[in-house]
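Following: one structure in structure tokens, then a few remarks.
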Protein chains: 2
Amino acid sequence: MNKNKDVAGEEQSGALMADVARLAGVAISTVSRALANPGRVNEKTRAKINAAARQLGYTPNAMARGLRVGKSNIIMIILPGSLYYGVSQIIPQVLQSINKSLIQGGYNLMIANLDRDELSERHILDLAFGGSVRGVIILSSKLPEVDGRSLANSGLPIVSMLLDMSDAGLLSVVTNDREAVRDVTAELIRLGHRRFFYIAGPEGNYHDVERYGGVIEALEAAGLSEERVRRSGGHLDYQHGFDIGVQAADDFATLRERPTAVIATSDDMAISFVSRIQRAGLSIPGDLSVVSFDGSPVCEFSSPPLSTIEQPVEEMGRAAVDLLLDALGQTQNPTARTVIPSRFILRESIAAPKN
Amino acid sequence: MNKNKDVAGEEQSGALMADVARLAGVAISTVSRALANPGRVNEKTRAKINAAARQLGYTPNAMARGLRVGKSNIIMIILPGSLYYGVSQIIPQVLQSINKSLIQGGYNLMIANLDRDELSERHILDLAFGGSVRGVIILSSKLPEVDGRSLANSGLPIVSMLLDMSDAGLLSVVTNDREAVRDVTAELIRLGHRRFFYIAGPEGNYHDVERYGGVIEALEAAGLSEERVRRSGGHLDYQHGFDIGVQAADDFATLRERPTAVIATSDDMAISFVSRIQRAGLSIPGDLSVVSFDGSPVCEFSSPPLSTIEQPVEEMGRAAVDLLLDALGQTQNPTARTVIPSRFILRESIAAPKN
DNA sequence: CGATTTATAGCAAACGTTTGCCAAAAATCG
DNA sequence: CGATTTTTGGCAAACGTTTGCTATAAATCG
């Protein structure tokens, strides 16, 4: 059927700029300018060209343009390998927010998963060095690097989100993890709590360091020793938040002198911890106050409703895109850190300790 | 500093195939064949070329290749506008699973959000008709269409996931919504339940139709009238699952003859419903059995732990990619429907009715 | 009205690959 | 050893745009 190359073919395989030019009776270059540049072509000609383009259903070929101008309009987002967080909607929200902002700027979003294997690193580097991609937003603390190629010297602008990587020379958009936890701990101290239980994320992870740091700062500020807080966890990734919480409940049960307040680094941990603790006969907030991090909507429907520190995910996404698009202009990337404050949501899981 | 065009420049802006050819002492075409075709070039030459390529850190330019061969290696996934589901991790899991499968096939994943505005439709169509994209996976029931261009006749292979759109001629990968709900309803009937409460998704939505259909089928099979089930909800989208559940709890309270079993179309709905119902003094499963759909991990940590029908998200993702990649070969897309069975997770939220 | 400026349109050369076709070299055969 | 086949490598033309430069037409001026 389509062996015959003479058939019109307007329908099947897409009109070309040349077709539009022919129909409008102008040169190809004029069509190009009419569709892109603002004032370079006469208003009447432009109208004629637009009409022709619409009539043919013409859509410019993105790869041809990209090749010619040496830039793509695709932004890559690098997600941590396992984005299987139980209850938080961080990843979908990030994607949505970023994609929305990008589209307004005429860009597209490509996603890449950074696992711990060399294959995924290589894949990302191919994207970066193969000219497919114009800029990068990264949600992982590791910059892909293999065989001498490193994302760091791909020449692409990179913005780190959620994690502060300004030390590594990256623009970073984060929330105020440390202060937020410091403030909420201070509030717990003010309520009378003196013994704390901290449920940790993976040891050394930015969020864990910051949030734990916040606890310590609050203790210090109140003249309390670091001994006042017991750590649980630290060896599992956030994606195993429920397991961490379950484990923490076991840990908790073994303590002789029981803490009266729990600070969890994710809502997942808090939820499974609370579930197990209640099953063991303790009551919240009667015996134990609980607060966690993320701001997952479901916390409202726990019993009791859980207090949580809400991450300003959408704002961070928007800020990351703004920063990235700005950086596309400059040649020299300024290194900076943008902090978007979180929001503490106080619910019934917090009270003064019993005596 | 880089005004001088004579500097080596191996570092900065990427080596070209020509550079590799020069270093290896062969022609460009030989390099091209060495890197792509299997047996077309002598083993020794190939080794030399590979060495040169590695030494220069050469990465082929994807857009140039794409332009030349007339195909991109990007798959677009179209997500429904608001993917803000409270507790289910469906979207991240889908993305992860799909991306993983795609990468193995040498493809990349681009995401597109289909909102209800013309802008997002136009954007998707530009991607599809602009040659940027090689195939489409769609998670929305609406095919973008504007100004005479429609995704349906973009010539791209399209696979629908989660929703059955085989009627519209699309390859579809779904789970057995209807049967799963039918079976679980039958089980509730077997336990002695005779009055049901159904918490609905948006009226007319595929999932709602199927799942409600399952309830009705089970009733019929047991010789019970449709009157046995009360519907609540139907006007809000799944993204407002918590609100639907809260509303449903209010509805429930107004009923004179109270149902003894609740079937919710999403975990979100079940969770907020349960929260409110318990606050009103009812006990689960003592007064009321509850089951829902999605299989969110957090259901295990509710009190009581919630029974739920788990969607086989990863398998569906893999299947969708397999189907799509197959379709890239054929010219004629067969229209078919692939059903991946769900898995019922029985937990303590279900029991026999009181009397 | 001729000369100079300004607006508009066209020609053709890129962008970095892939690939059809041909030539040279190597291997095989009679 | 010459003739034929097979392997291997190179030339150059695409792919669909953008854009520097040039040519024409229109407008302005002395």
Side-chain angles (χ1 to χ4, degrees), chain A residues 5 9-10 13-50 52-53 56-73 106 126-127 129-134, chain B residues 5 9-10 13-50 52-53 56-73 106 126-127 129-134:
Chain A
K5 200 153 177 294
E10 295 165 324
S13 196
L16 266 37
M17 197 172 262
D19 300 325
V20 178
R22 200 175 313 123
L23 182 58
V26 298
I28 296 187
S29 53
T30 308
V31 176
S32 174
R33 282 190 270 258
L35 298 178
N37 292 326
R40 191 72 176 68
V41 38
N42 188 305
E43 216 27 75
K44 279 179 90 167
T45 322
R46 178 188 305 275
K48 211 166 43 181
I49 290 173
N50 281 333
L56 293 174
Y58 170 71
T59 309
N61 182 301
M63 291 193 297
R65 162 182 295 163
L67 176 60
R68 171 61 227 238
V69 305
K71 312 173 194 303
S72 94
N73 66 342
D126 284 348
L127 246 23
F129 284 87
S132 304
V133 146
R134 185 77 179 286
Chain B
K5 200 153 175 292
E10 295 164 328
S13 196
L16 266 38
M17 196 172 262
D19 300 324
V20 178
R22 199 176 313 123
L23 182 59
V26 299
I28 296 188
S29 53
T30 308
V31 176
S32 173
R33 279 189 273 258
L35 298 178
N37 292 327
R40 189 68 176 69
V41 37
N42 187 306
E43 216 26 77
K44 279 178 87 168
T45 323
R46 180 188 302 275
K48 212 166 44 182
I49 289 173
N50 280 334
L56 292 175
Y58 171 71
T59 308
N61 182 301
M63 289 193 298
R65 163 182 293 163
L67 177 59
R68 172 59 225 235
V69 305
K71 310 173 195 305
S72 96
N73 65 343
D126 285 347
L127 247 23
F129 284 87
S132 305
V133 147
R134 185 76 180 287

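In this text, all values refer to a predicted model and were calculated from it rather than measured experimentally. Here is how names work: the chains are called A, B, and so on, in the same order as the sequence lines, proteins then strands, and each is numbered from 1.
dT17(C) atom C1' lies 8 Å from atom CG of Leu67(A), rounded to whole Å. Regarding Asn42(A), its CG atom lies at a distance of 18 Å from the P atom of dT6(C), rounded to whole Å. Distance Met63(B) CE to dC15(D) P: 19 Å, rounded to the nearest Å. One can place NZ of Lys44(B) at 15 Å from C1' of dA25(C), the figure rounded to the nearest angstrom. If you measure from atom CZ of Arg33(A) to atom P of dC21(D), you get 13 Å, rounded to the nearest angstrom. Between Tyr58(B) atom OH and dG16(C) atom P the separation is 10 Å, expressed in whole Å. Here dT19(D) presents its C1' atom at 13 Å from CZ of Arg65(A), a figure rounded to the nearest Å. Atoms CZ (Arg68(A)) and P (dA12(C)) sit 16 Å apart, rounded to a whole Å.
You'll find the side chain of Leu35(A) reaches within 4.5 Å of the side chain of Asn50(A), heavy atoms only. For the pair Arg68(B)/Arg65(B), no side-chain contact is recorded, criterion being any heavy-atom separation below 4.5 Å from C-beta on.
The rotation axes computed at either terminus of the helix from dC1(C)-dG30(D) to dG30(C)-dC1(D) lie 40° apart, taking five pairs at each end and rounding to 10 degrees.
When distances run from any side-chain atom of Thr45(B) to the nucleotides dT17(C), dT18(C), dG9(D), the shortest one goes to dG9(D).
In terms of heavy atoms, Ala24(A) sits closest to Ala52(A) at CB-CB, 4.0 Å.
In terms of modelled atom types and a separation under 3.5 Å, the side chain of Ser72(A) and the main chain of Ser132(A) share a donor-acceptor contact. When atom types are taken as modelled, the side chain of Arg46(B) and the backbone of Ala34(B) share a donor-acceptor pair closer than 3.5 angstrom.
Contact annotation: Ser32(A) side-chain N/O to dT17(D) OP1/OP2 distance is not under 4.0 Å.
Residues passing the side chain to side chain contact (heavy atoms under 4.5 Å, CB included) test with Asn73(B) are Tyr107(B), Asn108(B), sequence neighbours excluded.
Taking OG1 of Thr45(B) as the reference point, atom CZ of Arg33(B) lies at 12.0 Å (rounded to 0.5 Å). Taken to the nearest 0.5 Å, the NZ atom of Lys44(B) stands 13.5 Å off from the CD1 atom of Ile49(B). The CG atom of Leu16(A) sits 11.0 Å away from atom OG1 of Thr59(A), with the distance rounded to the nearest 0.5 Å.
Residues from residues 17-30 of chain B placing a heavy atom under 4.0 Å of any atom in DNA chain D, listed by number, are Val26(B), Ala27(B), Ser29(B), Thr30(B).
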